[in-house]
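A quick write-up on the structure given underneath.
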Amino acid sequence: MTYNFNEIDAKWQKYWAENQTFKAVNNSKKPKYYVLDMFPYPSGAGLHVGHPLGYIASDIYARYKRHQGFNVLHPQGYDSFGLPAEQYAIQTGQHPALTTAENIKTYRRQLDQIGFSFDWSREVRTSDPSYYKWTQWIFIQLFNSWFNNNTSKAEEITELEKIFASEGNANVNAVCDDNIEVFSAEEWNGYTSEKQQKILLQYRLTYLAETEVNWCPALGTVLANDEIVNGVSERGGHTVVRKKMTQWSMRISAYAERLLQGLDTIDWTDSLKESQRNWIGKSVGASVTFNVIASETKQSHVIDVFTTRPDTIFGVSFMTLAPEHDLVSQITTPEQKADVEAYILATAKRSERDRMADVKTISGAFTGAYAEHPFTKEPIPVWIGDYVLAGYGTGAVMSVPCGDQRDYDFAKHFNIPIINIFSPLSPKGGTKNSDDLIAAEAFTEKDGFTLKNSGFLDGMNYKKATKRAIYELEQLGFGEGKTNYRLRDAVFSRQRYWGEPFPVYYVDGMPQMIAAEHLPIRLPEVEKYLPTETGEPPLGNATVWAWDTTKNEVVSNDLIDDKTVFALELNTMPGWAGSSWYFNRYMDSTNENEFASQEALNYWKDVDLYIGGSEHATGHLLYSRFWQKFLFDKGVVPVDEFAKKLINQGMILGTSAFVYRVDIVLQLQDFKWTEDKTESPYLELHSNKVFISYNLVKPFLDKTENVIIEDKILEKKIIEIISPKLKDKFKKALKETGKELSIKVSNLISPIHADVSFVNASDELDIDAFKNWRKEFKDAEFILENGVYKVGRDVEKMSKSKYNVVNPDDIVADYGADSLRLYEMFLGPLEQYKPWNTAGITGVHNFLKKLWKLYVDDNGIKVNDAEASKDALKTLHKTIKKVQEDIENFSFNTSVSTFMIAVNELTTQKCTSKDVLEPLLVLISPYAPHIAEELWSLMGNEESISTAAFPEFDASHLVESAKNYPISFNGKMRFTLELPLDMSKEAIETTVLAHEKTQEQLQGRTPKKVIVVPGKIVNIVG
RNA sequence: GCUGAAGUGGUGGAAUUGGUAGACACGUUGGACUUAAAAUCCAAUGUCCAUUAGGACGUACGGGUUCAAGUCCCGUCUUCAGUACCA
């Protein structure tokens, strides 16, 4: 009997599907365990070998937990709304729903053949109306909520209305828009409904507001901050500009503190938590109010600033506002108006990216206005400068040049006085006093100084002065202690088609929610997926997209009368909407009446192990935590963190193959540029014609530039190859110019990606396959080494454009699913980035063949009831111990090695005992479930191996009587000596010293010291 | 700049609370089997010196602690990732 992996894979995959082996139940006497993968976006390209890495790890863990007696929930689904499907629809006119369904089919086939133990009965798709019905429902809940700062949680908006009606908003401590007007109960009750709605909108957790957004013209949509990388869009790398638009936003800033605190309660990686902390960006300090000194014609203004260093307030020598700051136009004096306006115009022209790229150039303008120092009452000039960001804090800073490098540079540049307020306790550079220091740069440390020139703060250190400054500001009513967060509210509208429609219609411009019982509001059909001619989002193309408030259904736009039929929202929700709560839906994914039943939510509670990529650190993982906390406040979910433990799997990189194109240039001899430079001195024979083998590249390049061919053998060869083509070019060039040509081979070589499937394990290129690959390579010539063309190799991210993608389908066909699973784990630690190299898979494949042979020979299964040998039991139990430890530490690579060692040992021992081979199979089955099931059933078991209990480790089998001690001299191991483990320290010392090899090493010297660590080592110091 | 992770043979990577560095594989070399190839099996494989016995050096670099350091401490360098005028 041979190991026929393809048959075995198919047989057991069918068995698992038919018997619903991995279906989880929502109540059980067993303890629950929820293992989740970040669900995939089903792209048209399908899976490559990098994608299943995390799924394999989580699958091993899920299977392990089942063996341990847990009721395991291990679901899978698709994040199926998104931009690529829409872009494809725009290009081809195919409905995104169709292409998405096709892509999902491919994904499912690819996933199935790897043998995952997913409970597919719980599959979710975010683009499915039965799913996004509840995404819409959550949106409505957010709309109907506000954040009470006194209780630090979300509460019903109807409660807020009651407060407004009975006592106004003066005492309401809510997270809301900045510029809220204060009103009494009488005023509130007298407001029109429209005005009341407008005010309430400023308190809701999702709100409609004119905000400055990141507009991406190429994609025709806005982007969230985390969708922008280095100033360009994450998808496509298009430019992004700032633009004011009316958009839905999510008031995630309300949860900033809880999102920060919650990090301490979950077992996520430090780097990921650090990213989130960074993104939330908490800073503690004070807000300070500066009065603008009123000129005779103007009304009074104040400038609010946020500072983390209220202790340095006496060092303020100017103030700086962001150019976009609202006050700028109001306080600028007529004399400075021209300057200021010119500066604002100049900064507005600079894109976000330019501003980021160029942080060194100092620029700004004086407004002509002065503010008053709250303590000294001295006038302080007010400047504007683009180093102050409109989006952070209040968009204005009190500038302390002696204590902040940016303020310092600005002051130096514009000759603004720098007041020194620091007396260093131990000045840098020894003898220098603080004034000398300040002459060169700002002093930004928080310790090592006391204050001077600072009135009542003189002589105090940072801590004391900060406290006192805040106290004094509060006494004067000019400020208070304040905590500021970098986290901005998240824009929630997208001008796209393929996303969740909002359950929203508009009456007199005010948004109205559609009642939950009428959900889902289905995505309408459109003719075109592009924005409309009037610049509206793609849903503007829909003809049936109005809400009839009497029939409670979506009707034709023609019926809009603004009395009972109203226009629906044209934006759709962003990609992260559906992914922010899907982990809860899996608990009860087919429930039509609820988001998920309370019973299911209380049973499964949260994800015990979540595995996915680190690229979601500040997007999906932050938004999901936000929604979870909100749903917890509403009493919908029982816990306020959705994932207890999270592991980021590393990326599997591709090993790209390169061929080296020689760029050949013909040059006219003694050529001089003509005046108008229209005549080119070069004729470039654009290659794709001559490729040089990898190991010849370096010798070729080491020669001086543009060597004359005739002298060099290599180039001679090149010219021979290309000469027929060249002849025509020569003739033509000679005729046209009447000049001599010299033929030069440039020393430029361009590496070009070749498809990795053309290359064998020895890096040799299949030249014919390469030639047939693309038209331009059809008549290419190859300069070989030792009769073959060798490619160069480099490790890069796997991608279609680099032709280094390895398809798991091929691996599964050639080696079987178990080989793929084992190899992905064997490559290295789960979290690490590591290159894929298909050649290496023979190692694990051979292991599986050896495993097969351990159980099966030509006559069939050879496992019997023979008594297990001591050695075999020892091998088994050390394997149980190691594998169990490894799985629990997510060290899957080392457990594969352990299996290899075990099988090698048992093969040597000729073990056939069921007592050893049966438990061994259970150990291996999470990793290689197909072969395990097959051997398990060959051994006569009727039930799936997944129902077997994990073997118990018995330490008694590992008890040793002797230890092979390493004997070292001055820490260097010289020989080993087998001694009984129960030997005393003294006896060991005597025995070792008496040993002839010891005497040889010592050569008559007396050792100074002998270290004996029983059971470990002997070290002789001499 | 800041934050986080990491640096070990030709390659991927092992190494428990400091205790035999290089497990397990890939690759390479040699051998067996074969008409041959593939497959399989056996052996060798950190570098250098030495016929052998054996020795020296070795975990990015420089110091230190220790009987003993890949592991701990101080400093430096490099790579990767995230973030960036955050007041």
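Below, read A as the first sequence line, B as the second, and so on, with proteins coming before strands; counting in each chain starts at 1.
- Candidate nucleotides B/rC26, B/rA23, B/rG19 were compared by shortest atom distance to the side chain of A/Ile1011, and B/rG19 ranks first.
- Each of A/Asn1019 and A/Arg406 was assigned the nucleotide of RNA chain B with the nearest heavy atom; the assignment lying further toward the 5' end belongs to A/Asn1019.
- Of the listed nucleotides (B/rC85, B/rA68, B/rG12), B/rG12 has the atom at the smallest distance from the side chain of A/Phe826.
- Here the separation of B/rC41 from B/rC26, taken at their P atoms, is 10 Å to the nearest Å.
- Backbone-only engagement by A/Lys849 is indicated by non-hydrogen atom pairs under 4.0 Å involving sugar-phosphate atoms exclusively.
- Figure legend. B/rG75 is base-paired to B/rC61; pairs are counted as Watson-Crick or G-U wobble with both atom distances under 3.5 Å.
- Residue contacts shown for A/Asp270 are absent, as no nucleic acid heavy atom lies under 4.0 Å away.
- Of all non-hydrogen atoms in A/Val49 and A/Glu824, the two that sit nearest each other are O-OE2, 2.6 Å.
- Ring centroid separation for the pair A/His373 and A/Phe314 comes in under the 6.0 Å cut-off.
- Counting any heavy atom pair closer than 4.0 Å across all strands shown, A/Asn893 reaches sugar-phosphate atoms only and no base atom.
- When distances are taken from the side chain of A/Thr842 to each of B/rC26, B/rU40, B/rC85, the shortest belongs to B/rC26.
- Comparing B/rG4, B/rG13, B/rC24 by their closest approach to the side chain of A/Pro829 singles out B/rG13.
- Among the nucleotides B/rG12, B/rC26, B/rC85, the one closest to any side-chain atom of A/Asn837 is B/rC26.
- For an aromatic pair to be called close, the ring centres must be under 6.0 Å apart, and A/Phe5 with A/Tyr3 satisfies this.
- Listed pair A/Arg277 / B/rU83 fails the phosphate criterion, with no side-chain N or O lying under 4.0 Å from OP1 or OP2.
- Where A/Pro835 and A/Tyr823 each meet RNA chain B at their nearest nucleotide, the meeting point lying more 5' is that of A/Pro835.
- Within the nucleic acid shown, A/Val1013 comes within 4.0 Å of at least one base atom, counting heavy atoms only.
- Ring centroid separation for the pair A/Phe318 and A/Phe410 comes in under the 6.0 Å cut-off.
- Taking atom P on both nucleotides, B/rA14 is separated from B/rC33 by 39 Å, rounded to a whole Å.
- Between the CG atom in A/Leu979 and the CD1 atom in A/Ile988 there is a gap of 6.0 Å [rounded to 0.5 Å].
- Note on ring orientation: taking the six-membered ring where Trp is involved, the planes of A/Phe826 and A/Tyr823 are tilted (angle from 30° to 60°).
- With a cut-off of 3.5 Å on both pairing distances, the Watson-Crick or G-U wobble partner of B/rG10 is B/rC26.
- Look at the P atom in both B/rA38 and B/rC48: the space between them is 29 Å, to the nearest Å.
- Using N1 to N3 plus N6-O4 or O6-N4 for Watson-Crick, or N1-O2 and O6-N3 for G-U wobble, each under 3.5 Å, B/rA68 pairs with nothing.
- When distances are taken from the side chain of A/Lys850 to each of B/rA23, B/rG12, B/rC41, the shortest belongs to B/rC41.
- Atom pair A/Glu764:CD and B/rG27:P shows a separation of 14 Å (rounding to whole Å applied).
- Across the P atoms, B/rA81 and B/rC86 are found 23 Å apart, a figure rounded to whole Å.
- Nucleotides B/rA84 and B/rU3 have their C1' atoms positioned 11 Å apart, rounded to a whole Å.
- You'll find that the side chain of A/Arg974 is closest to B/rG55, out of B/rG55, B/rU40, B/rC85.
- Look at CD1 on A/Ile384: it is 22 Å from P on B/rA87, rounded to the nearest Å.
- Ion pairing between a basic and an acidic side chain is recognised when a charged N comes within 4.0 Å of a carboxylate O; A/Asp270 and A/Arg277 show no such pairing.
- The nucleotide whose nearest atom lies closest to any side-chain atom of A/Lys834 is, among B/rA14, B/rA39, B/rG12, B/rG12.
- The interatomic distance linking A/Leu321 (CG) with B/rC86 (C1') rounds to 17 Å, in whole Å.
- Taking the P atoms as reference points, B/rC61 lies 10 Å from B/rU8, given to the whole Å.
- A/Glu885 has a carboxylate O that lies under 4.0 Å from a charged side-chain N of A/Lys881, or vice versa, which qualifies the two as a salt bridge.
- Counting any heavy atom pair closer than 4.0 Å across all strands shown, A/Ser399 reaches no nucleic acid atom.
- Note on A/Ser271: only backbone sugar-phosphate atoms sit closer than 4.0 angstrom, heavy atoms only; bases stay farther off.
- Applying the 4.0 Å criterion to OP1 and OP2 of B/rA25, one finds that A/Asn904 has a side-chain N or O inside that range.
- In this structure B/rG31 sits in the anti conformation; its chi angle is more than 90° from 0.
- Taking atom C1' in both B/rU29 and B/rG46, the straight-line distance is 16 Å, to the nearest Å.
- A/Lys1016 contributes no side-chain N or O that forms a donor-acceptor pair with the base of B/rU16 under 3.5 Å.
- Phosphate proximity of B/rC80 to A/Tyr833: absent, as no side-chain N or O sits under 4.0 Å from OP1 or OP2.
- Here the nucleotide nearest the side chain of A/Asn846, chosen from B/rU3, B/rG19, B/rC26, is B/rC26.
- Using a 4.0 Å heavy-atom cutoff across all strands shown, A/Gln832 reaches sugar-phosphate atoms only and no base atom.
- B/rG18 and B/rA68: their C1' atoms are spaced 8 Å apart (whole Å).
- The partner of B/rA84, taking Watson-Crick or G-U wobble pairs whose two distances both stay under 3.5 Å, does not exist in any strand shown.
- In this structure, B/rU52 forms no base pair with any nucleotide, since neither Watson-Crick nor G-U wobble geometry is met with both distances under 3.5 Å.
- The residue A/Phe899 sits apart from the nucleic acid: no heavy atom pair falls under 4.0 Å.
- Considering only side-chain N and O atoms, A/Lys881 lies nowhere under 4.0 angstrom from the phosphate OP1 or OP2 of B/rU16.
- For A/Lys1009, taking side-chain heavy atoms from C-beta onward, the closest of the listed nucleotides B/rC67, B/rC26, B/rC24 is B/rC67.
- For B/rU83, the OP1/OP2 oxygens have no side-chain nitrogen or oxygen of A/Arg486 closer than 4.0 Å.
- B/rA21 is unpaired under the Watson-Crick or G-U wobble criterion, no partner having all donor-acceptor distances under 3.5 Å.
- Nucleotide B/rC41 has B/rG31 as its partner under the Watson-Crick or G-U criteria, with both atom distances under 3.5 Å.
- Side-chain contact, A/Thr894 with A/Ser897: no donor N or O sits under 3.5 Å from an acceptor N or O.
- Across the protein-nucleic acid pair, A/Leu822 atom CG and B/rC24 atom C1' stand 13 Å apart, rounded to whole Å.
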